[in-house]
Structure formats: C-alpha cells, structure tokens
Amino acid sequence: MRLSRYFLPVLKENPAEAQIVSHRLMLRAGMIKQSAAGIYSWLPLGLKVLKNIETIVHEEQAKAGHLAMLMPTIQSADLWRESGRYDDYGEEMLRIKDRHGRDMLFTPTAEELITDIVRGHVTSYKDMPLTMYQIQWKFRDERRPRFGVMRGREFYMKDGYNFDLTKEDAMHAYNRHLVSYLRTYERMGLQAIPMRADSGPIGGDDTHEFLVLAETGESEVFYDSAVTDLTFGDRDINYDDKAQCQSIMEEFTTKYARTDETHDEALFAEVPQVRRKVARGIEVGQIFYFGTKYSEAMGATVQDGDGKQVLVHMGSHGIGVSRLVGAIIEASHDDKGIIWPEGVTPFHCGIVNLKQGFAEADAACEDLYHQLTKAGLEPLYDDRNERAGGKFATMDLIGLPWRLTVGPRGLKNGVVELTCRKTGESEELTPQAAIAKVISQYN
RNA sequence: CGGGGCGUGGCGCAGUCUGGUAGCGCACCUGUUUUGGGUACAGGGGGUCGUGAGUUCGAAUCUCGCCGCCCCGACCA
C-alpha cells in the first residue's frame, strides 16, 4: 500500500477523551473513530489488525477441530425467555422492538441460539462431539463504557460452544479450548495466563479466564510468578489426544493464578513469598464448562447407545477479538507509539523514502515495494512528499515491526537502512539483503 | 446509577467570572524556501460557540431545561 493513497488520519496531539495508552494510540494512529460512547468505527488500519487477530483465531480453532459458523446479531426474545435469561440479563442487554412490536434484542452472547440450532439437528450420540463457534459483533449496554475498544458496548468476539455426551467428553473439549487459546495468544505475541475465575451470568462450575498482565488492567490478579515462565512454544498437539490436552491444561493451571473474584488468601500463602505476585490484568478470553444448564432449560437431548434420551453437556468459550487490539497495544508500545508483534501487524514493514521525487530514491523504493509484494508481504510505502522527521514519526506511531529507510546518502553506497521498531536498532544492508531479512522474519 | 468535570473550525486549547461583530497552536489549501528525526516565511479556506427556551438594544459569556462525552466509584462474558 502506498501511503499517499491510504486513509491514515494520524493525530499529532492526544485526544482529550482518551485516558489509557491503547485508546490514545489507536486514535492517534488513525485506527478507530468513536461514534458514540463505547461504539467505534474501525478505520482501514484498525480493521487490518482486527482481521489479522480474527484470522489467527480461525486458524487455531480449525486446528482444534472446531467449526466456524455465523449467527445473527439481532435475535428474538423468545429463546431468551425459554432459558430464563431474558429477565436475568438486566439492563446490559439492548432490547429492541420490531415494527410488529415483537421483542428483539442485540445479542450479548449466543448460548440460546446455538442450543436451539443444535437441539433441532443433533439427535444421536453419534453426532457428537460437536464444537461450533462464530466471530461476531456483540452488544452489551455497559453502564460506563471506557478505555476505548477495551471496554466498548459493541465489541467483536469469538464465541464457541461445545456439545458432548458426557461430562468427561465435555471436559476434554474444555481442555482442548484451553490449549488452542494458549496457542492463539502466543501467536499474537501475548502471554495470556489462564486464571481460575467466576462464572457470572453464564453459569457453571469450571471456568478459567485468560489474562494479559498490564498496569491498566481492570482485574486485580494474584499469581505464582512461576506461571509467567510457562510458554507453549512449538509443540506438536494432537487435539484428539485426551491425555495430552489434559496434561497441558494441568501444566498451565496448577500453579496459583486467580482473579480477585476467586482469590484465596490461604492458598496464596502457600506460594513461596518471592513468587507471590499481585498485579493487574486484562481479560482477553474465558472458557466455561456448564454441564446441562442450557440443555435442560431448552430440552437439548440426544439418544445414547442404549436408546435413552440424555441431556447434552455443554461449555462455552470466548475470545475478545476487538479487546485484543487494545490489549496487545497495552502490552507492546513505547513513548513513540505502538510496537506490533509480527503476528498481527497491519503491514509487514514500512518503506520510508527520504527524498520523494529524487529519481534514484523513488526507483529504489519502488523496487523494494515490488519485491516485497511479490514475496507475499504487504509493505506500507510512505511516498508522501513529507519531510523525513514526519515520516519517521508516523512510522513509529503506527508501529510496523520493520522499517526500510531509503535515501540518496545510502544509495550512493548501495545500501538501505533496516530498522527494528522494537529495539530501535538499525543496520545498513544492500536492498537484496534487507528484503531477505524482512522476509525471513515472517517465515 | 451516585459523585465530579467538560462541550468554541478536523485535533489541542484560550475567551465565559466582568455581555459589545469569535481567537491561538497544529492540521488543511496556494506560493517561495528547506530536505537523513515533525524547516522557515507569506497568503488563504473552514466555526449559526452541543441544543431549546428565556433575560437584554445586544448572549460563546447571564438564567432554566434537555442532550452528548470524559473521569472516579459501584457494576460487568
């Protein structure tokens, strides 16, 4: 993409309404524009990041054998009356009437609708295990939306639901999700720690929240610092292997890590003092096992091998896709701007032409641009007729991991400059070597 | 929802107390200049001052209502 043809409304000054760093940087980098309290438009740069996160979620869910689908944002109130949640959910649920006066709502989550779909089509134990998920806009009418997309009213979320014959199978689904989520967050450059949590209005007993440690996090968290040493890395996973999933689940959840909702001082005291940490975290996902709560309320049964009707065991799982955009920035930025992890960056690298209109520089930039594009990467070429300082400031703000700087001075010696956004380190390389190095970062 | 604050060109703000034809910086347009970390100068465009009513010869400014947004708290997959 050429910056001269892009829509990137960067702001030099901090918008007054933005208090936390991710919100400020998203506004300044021209990623989002607020439309109403807690409701945002996603501008081209922001949308690219959102879609990159979405893609990672889809890819990891596919690996785990979970099926993507899509449910409507507007739902009939009837199903929610059936589960009893139409009244339970309270003011957080946005209620709407259609032209016939029928009660509708903007979905805050989709247990009812998915259960309705499944109960109509899944009638035998042979149809299970089954896990379906969607990535769809949700609406929760927060009393006080804040922190930009971290706590919006409208938000983009992956929500998945598993249907299993037995509790044991459902717990395998639980573990499978835990494993797939660990992989998902790592690919985004995040460490998200599973913490024992409270189930809230979803209901159920077993639940873990995934938290990214950050000063601006809304939750207070208590953990054994040994959990921060755990990394998933490059393991081979067989998602059908119950024992493997179980052991990974245990590996990542045995050490003490809880939010304030479930914090237990006595248990925490058993952690060696030097490893006892109290911090703040951003919740970026949660997994639940809630048994037969919804299948019972809504009559979702299947025939087992003996011909008996049995209630299906269910769980649900969420990843806050739009919230993750903010969470990643909270976890990765400096005073100049965002520092995107390679996994989610909106463009793979920036190309800064220091002397636009100078034939050699223009030609060298065009060549870099075409070669990178041909290699399957997406560079952002700043071809505006701006001064060097302005171009650098924009690149630093929007946080692309790599920057190629091209100017007459370097070209005289046959080199361009490759700069790492994260470390700030630069090296002079021939254009070919620079291209090769950038490409190697994404393999 | 309780408490606090703020609404003035795209962004950041001054002007409001003490009523008198709306201003600054950034951004934008034109030209000259400059060119390896936000050049300099000159000229220019853009605002019914959130909204409605009232007071007044006259309201961004005073009064009352309403709306919106932000912060703290409570609440919250």
Side-chain angles (χ1 to χ4, degrees), chain A residues 7-20 23-24 27-28 30 33-40 85 88-93 107-111 136 138-148 150-153 155-161 197-204 207-211 218-219 259-261 282-288 290 315-323 336-337 352-358 361 382 384-397 403-413 415-417 419 424 426 428:
Chain A
F7 182 65
L8 188 69
V10 300
L11 304 174
K12 230 178 196 179
E13 286 165 292
N14 281 322
E17 75 269 17
Q19 297 299 313
I20 65 164
H23 190 196
R24 272 205 304 272
L27 290 167
R28 287 196 52 209
K33 169 128 175 69
Q34 182 169 336
S35 154
I39 301 178
Y40 294 85
R85 284 208 296 179
D88 293 351
Y89 224 97
E91 296 288 299
E92 295 253 309
M93 183 150 73
T107 174
T109 174
E111 280 83 2
Q136 176 64 291
K138 305 292 187 302
F139 197 93
R140 289 184 194 168
D141 201 358
E142 298 269 352
R143 281 197 187 124
R144 183 154 92 86
R146 62 191 118 165
F147 305 149
M150 299 257 287
R151 177 122 174 229
R153 291 193 293 171
F155 57 100
Y156 203 44
M157 171 173 141
K158 175 263 178 181
D159 50 317
Y161 309 88
D198 190 51
S199 62
I202 301 278
T207 178
H208 280 89
E209 282 181 350
F210 290 78
L211 285 109
E218 287 198 81
S219 315
T259 64
D260 50 3
E261 294 165 342
I282 301 165
E283 186 199 332
V284 293
Q286 188 161 10
I287 55 178
F288 301 87
F290 46 67
S316 72
H317 335 87
I319 293 180
V321 174
S322 50
R323 174 180 285 185
K336 292 179 186 162
V352 169
N353 186 345
L354 293 172
K355 194 157 186 177
Q356 204 71 41
F358 179 72
D382 190 345
R384 297 171 304 165
N385 193 18
E386 292 288 324
R387 297 175 57 80
K391 292 189 175 188
F392 288 141
T394 297
M395 283 293 174
D396 288 342
L397 176 62
R403 186 187 77 208
L404 288 160
T405 307
V406 179
R409 208 178 284 172
L411 288 176
K412 207 179 292 176
N413 302 316
V415 297
V416 297
E417 189 181 75
T419 306
S426 291
E428 295 199 325

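Letters go in sequence order (proteins before strands), and every chain restarts at 1.
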Does A/Gly390 reach a base, just sugar-phosphate, or nothing at all? Heavy atoms under 4.0 Å. base

Give one of base, sugar-phosphate or nothing for A/Ala36, where a contact means two heavy atoms less than 4.0 Å apart. sugar-phosphate

Quick one: label A/Ala388 by what it contacts on the DNA or RNA (base, sugar-phosphate, nothing), any heavy atom closer than 4.0 Å. sugar-phosphate

Sugar-phosphate only, base, or nothing, as touched by A/Glu218 at under 4.0 Å among non-hydrogen atoms: nothing

Could you check how far CZ of A/Arg146 sits from C1' of B/C70, rounded to whole Å? 11 Å

Suppose we call a contact any N or O donor and acceptor under 3.5 Å apart; does that hold for the side chain of A/Arg151 and the base of B/C76? yes

Heavy atoms only, 4.0 Å cut-off, all strands: where does A/Arg153 land among base, sugar-phosphate and nothing? nothing

What distance, rounded to whole Å, do you find between the two C1' atoms, one in B/G23 and one in B/C67? 27 Å

Whole angstrom value for the distance that separates C1' of B/C76 from CZ of A/Phe288: 12 Å

Across the strands shown, which category fits A/Pro408 at heavy-atom distances under 4.0 angstrom: base, sugar-phosphate, nothing? base

Taking only residues two or more places apart in sequence, or in another chain, which ones meet A/Arg151 in a salt bridge (Lys or Arg N to Asp or Glu O under 4.0 Å)? A/Glu142, A/Glu218

Have a look at A/Phe155 and say if it touches a base, only the backbone sugar-phosphate, or nothing, with a 4.0 Å heavy-atom cut-off. base

Looking at the side chain of A/Glu386, which of B/C28, B/A74, B/G36 is the nearest nucleotide? B/C28

Which part of the nucleic acid, if any, lies within reach of A/Gly410 when heavy atoms closer than 4.0 Å are counted: base, sugar-phosphate only, or nothing? base

Value in whole Å for how far the C1' atom of B/U34 lies from CZ of A/Phe358: 16 Å

Under 3.5 Å on both distances, the Watson-Crick or G-U partner of B/C26: B/G10

Answer for the Watson-Crick or wobble partner of B/C62, both distances under 3.5 Å, is B/G54

In whole Å, what separates the C1' atom of B/A14 from that of B/G73? 32 Å

Pairwise P distance for B/G9 and B/C24, with rounding to whole Å: 15 Å

Nucleotide paired to B/G47 in any strand shown, Watson-Crick or G-U, under 3.5 Å: none

Considering only B/G73, B/U39, B/C69, which nucleotide approaches the side chain of A/Ala37 most closely? B/C69

Nucleotide opposite B/G2 in a Watson-Crick or G-U pair, distances under 3.5 Å: B/C72

Of the listed nucleotides B/C72, B/C11, B/C28, the one nearest the side chain of A/Glu13: B/C11

Atom-to-atom span, CZ of A/Arg28 to P of B/G12 - whole angstrom: 12 Å

Heavy atoms from C-beta onward define the side chain here; which of B/G37, B/C76, B/C1 lies closest to that of A/Glu142? B/C76

Does any donor atom in the side chain of A/Glu111 or A/Ser316 lie under 3.5 Å from an acceptor atom in the other side chain? yes

For nucleotides B/G31 and B/G36, find the distance between their C1' atoms and express it as a whole number of Å. 26 Å

Look at the side-chain N and O atoms of A/Gln34 and state whether any lies under 4.0 Å from the OP1 or OP2 oxygen of B/G68. no

Name the pairs: protein N/O against N/O of nucleotides 13-16 of chain B, kept only if under 3.5 Å.
none

So A/Gly407, base contact, sugar-phosphate only, or nothing? Heavy-atom distance under 4.0 Å. base

Between B/U55 and B/U61, how far apart are the C1' atoms? Round to whole Å, please. 13 Å

